[in-house]
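Order of listing sets the numbers, starting from 1, for every ligand and every atom in it.
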Amino acid sequence: MDKKTLIDGLNHDLAGELQAIVMYIHYAAAATGVERLELAEFFEREIQDELRHALFLANKITALGGTPTDEPLPVPKAKNNQEMIKNVLDAEVRTIAAYSERVKQAEEIGDLGLSNDLQDIISDETRHKEEAEKLLRS
Ligand SMILES: [Fe+2]
Ligand SMILES: [Fe+2]
């Protein structure tokens, strides 16, 4: 594991955060029906966390000598509210797995500060995942 591998990994994570921001904005506007307002509020609330994560990653990538990506991963299409929440859940699960891998890589190169910051982000993503699971349960 070298620094370049870590930077590439963090850029992958950043593309995921940019995707999450676009996805939450799009889904908040596109939610329909009686639960529209609640769902829009739920999506809008999470944007703040994802924005913070994206800013952190972009700054860290620069600090490590890399160039932060400006390209989000593609946002999955959703035909209805249920599909939106499912897509959100899938994205959060993938994100948590990616950050868990990144924590290991950060520790391998001895950047314990990064490891600690990434674990805070994992806590946020875990909360997002659990909220999406609860929405799907109702
Ligand atoms: Fe995030
Ligand atoms: Fe999230």
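Summary: OE2 is the N/O/S atom of E125 found nearest to the Fe ion (ligand 1). In H53, the N, O or S atom that comes nearest to the Fe ion (ligand 1) is ND1.
Side-chain contact check for S115 and Q119: at least one donor-acceptor pair (N or O, by modelled atom type) lies under 3.5 Å. Checked by atom type, the side-chain pair D2/T5 shows a donor-acceptor distance below 3.5 Å. In this model, a donor atom of one side chain and an acceptor atom of the other lie less than 3.5 Å apart for H53 and E50.
At least one N, O or S atom of E92, from either the backbone or the side chain, sits less than 2.8 Å from the Fe ion (ligand 2). Contact annotation: E50 places an N, O or S atom under 2.8 Å from the Fe ion (ligand 1). Among the backbone and side-chain atoms of H128, none of the N, O or S atoms lies under 2.8 Å from the Fe ion (ligand 1).
Under a hydrophobic clustering in which Ile, Leu, Val, Met, Phe, Trp and Tyr are joined whenever their side-chain heavy atoms come within less than 4.5 Å, directly or via other members, M1 and Y99 fall into the same cluster.
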Report task. Kindly indicate, with the supporting measurements, whether the criterion salt bridge (Lys or Arg N to Asp or Glu O under 4.0 Å) is fulfilled by K60 and D111. Result -> CA-CA 11 Å; K60 185 69 193 188; D111 192 336; 2.9 Å; yes

